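Since we're looking at a predicted model, the values are computed, not measured. Note on naming: letters A, B, ... go to the chains in the order of the sequence lines (proteins, then strands), and numbering restarts at 1 for each one.
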Amino acid sequence: MNIFRYFRAKLADVLSEMTAAGELPEGLNTDRAGVEPPRDPSHGDITTNAAMVLAKAAGMKPRDLAQLLAARLLAFDEVETAEIAGPGFINMRLADEFWRDRLTEILKAGTAYGDSALGGGAKVNVEYVSANPTGPLHVGHARGAVVGDALASLLEKAGYDVTREYYVNDAGAQVDALAWSAYFRYLRALGAEIDETEFAKLCPGGELQYRGEYLKGVGKALIEEYGDKLADRDEVHGEWTIRSVEDWLPTVRAVAIDRMMDLVRQDLAVLGVEQKVFTSERELVERGGVDEALDLFAERGLSYTGVLDPPKGKKPDDWEPRPQLLFKASEFGDDVDRPLKKSDGSWTYFATDVANHWDKYRRGFSSMINVWGADHGGYVKRMQAAVKAVTAGEGELDVKLCQMVNLMDGGKPVKMSKRAGKFVTLRDVVDEVGKDVVRFIMLTRKNDAHLDFDMQKVTEQSRDNPVFYVQYAHARIRSVMRKAQELFDAGAIAPETLAKANLDDLTDTDELALIRNMASWPRTVESAAEAHEAHRIAYYLYDLASQFHALWNKGNEDASLRFLIPEQNELTIARLAMIQGVAFVIASGLKVFGVTPVEEMR
RNA sequence: GCGCCCGUAGCUCAGUCGGAUAGAGCGCAUGCCUCCGAAGCAUGAGGUCACAGGUUCGAAUCCUGUCGGGCGCGCCA
């Protein structure tokens, strides 16, 4: 139960009562009246701005209206006090009993606490990673993977029907370059003595783009399946020669992409990411998806053949005007119209991506979320414009841009050279620090802020490491529960039993404050889901964990505040119920992150 | 030149639909372990929310402009 939503409903009742009594005018718009936590807890448990927002329309002074509202709100059993403060806030304090009931609710729900019906089962598509299938994933991809995956889980928790999707860019120049690079490995594996720089000259762009060791496997796989059929051997000199492109490239490309996608899937599995739908750009093109989408543009008069102005501020050295098929993106909020066809007549990446989103819409997703690297920022407007155009305004696309991850080791940046094919892979990092640490840390910043990832700091066992601190809280609770088995039967301290326990002994201010914080978990889930911001969960968990640790520490000074008090069974049971509640809420949050709560620290 | 993102404590960052006296960690200062819950804890100092206007009961938050940083800007994805 989202307590703020609960009291917002009560406020609505009060407002309609007042309208019926003639104290408020008919047809008052009450949308802006909300029930929220006060900024300062000393003001109370919940607060409403209703009097201030409605005063003008009601023709009353805010504080006068607040008086009337407060009197009626006070009539509810749960509301202990209702005071007017500042410009017209109504601060309410809720009965201790109400909070203890929330704890009972948590114990009944377990890790399902915080589940919400907010989404109402609406379908949402979250597309993330979507890295080119040209090699293993590196650390940068890890952030997008985790951000997308956690956002998907968060939306599921908030009641949406979520599909996790990966768009495979298996058409276009990049995968052709991959095929060339794989072909080189194939020829080498056949035993051909081909010089790398000589071969590079034959490649498109005169460069052998992918030189990592990981392509050796593709070369071998090609030999296993096709033997030497993809190359010719000069009978006289015994040298291997390259066949014409159309004879080998489609085959090599297909095998290489297949292999690379296996690699990508394995890397994602290591991170605990499992996407359900893999949409192939090539298949989309082959089954006419692009033609369909662009026909739609043509029908609606949203495309035309024209010439773009040269980009300003950039040296137009090799620029020359060329007529292209353009999409009227500027009619949908973009700055200029965008090309759908290249000068050679083939589709641009944008055109196929329009088809991709059109396809998603037809599969029933009017709500779509894409997670991209920040370097794709310039692409957002045109894609949103395209989604609006292709769905006739019914579809909505939110793009989460992930900023760079600065990989560090003991305060020093880890050097990565993409040119030499030496970059730190996702797998390297996961092997080093573990999946849970990577996942949690990737969510400790807003997606659009730079993130420092220090391999040493993230495994440090100290308060400034949020992963440790949150996990430690959970482990401490599990440890107390284990110890409690020396005092009670396992059945007596099982969550189902604790849910029935008498909690009246929970009277300490810090204990009640802890319960209040737990009770704000459903609201945290809902607001984070609405904002599409999973990182808020990390801050909530850190906050809850430190509140728990503070209470634990008080037990050092004052033995009467400890969780296990010998000879005082009822009090101890109540406190066990409380910390079990904390463990559930932490586990519930970690589940959203795909992080396993630990039983003990090692 | 244009567009997008960002600018909050010495440092790294939170900040809920616009809400009251702007928060956390690190660092700093002070106090606290012969044992019973210290892989530490408690308390405190520290701010022109980049700057200047505007919107209103109320602005770190919304709008306009300026300054500073990052990213992007036809035939790459």
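Within the structure, salt bridge (charged side-chain N to carboxylate O under 4.0 Å, His left out) pairs that include any residue of residues 464-476 of chain A do not occur (at least two apart or interchain). The salt bridge (charged side-chain N to carboxylate O under 4.0 Å, His left out) pairs that include a residue from residues 34-54 of chain A are A:D45-A:R516, where partners are two or more places apart or lie in different chains. Listed by first and then second residue, the salt bridge (charged side-chain N to carboxylate O under 4.0 Å, His left out) pairs involving residues 529-543 of chain A are A:E533-A:R536 (not counting sequence neighbours).
Legend: residues meeting ring pair (Phe, Tyr, Trp, His ring centres under 6.0 Å) with A:H141, ordered by chain and number and at least two apart, are A:H138.
Dashed line: the shortest gap from a side-chain N or O of A:K56 to OP1 or OP2 of B:C57 is under 4.0 Å.
Annotation: of the two residues near RNA chain B, A:A173 and A:D448, the 5′-most nearest-nucleotide partner is A:D448.
Between A:F548 and A:F563, the angle of the ring planes stays under 30°, which puts this pair in the parallel group of the 30/60° scheme.
Side-chain contact check for A:D353 and A:N356: at least one donor-acceptor pair (N or O, by modelled atom type) lies under 3.5 Å.
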#### Entry: Watson-Crick or G-U pairs under 3.5 Å in RNA chain B, rendered as dot-bracket with [ ] for crossing pairs and | for another strand
(((((((..((((.....[...)))).(((((.......))))).....(((((..]....))))))))))))....
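One distance of note links CG of A:N169 with OG1 of A:T352; it measures 7.5 Å at 0.5 Å rounding.
Atom C1' of B:G25 sits at a distance of 15 Å from the matching atom of B:G40, rounded to the whole Å.
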### Query
How would nucleotides 14-31 of chain B be written as a contact map, 5' to 3', with B for base contact, S for sugar-phosphate-only contact and - for no contact, using protein heavy atoms under 4.0 Å?
SSB--BB---SSS-----
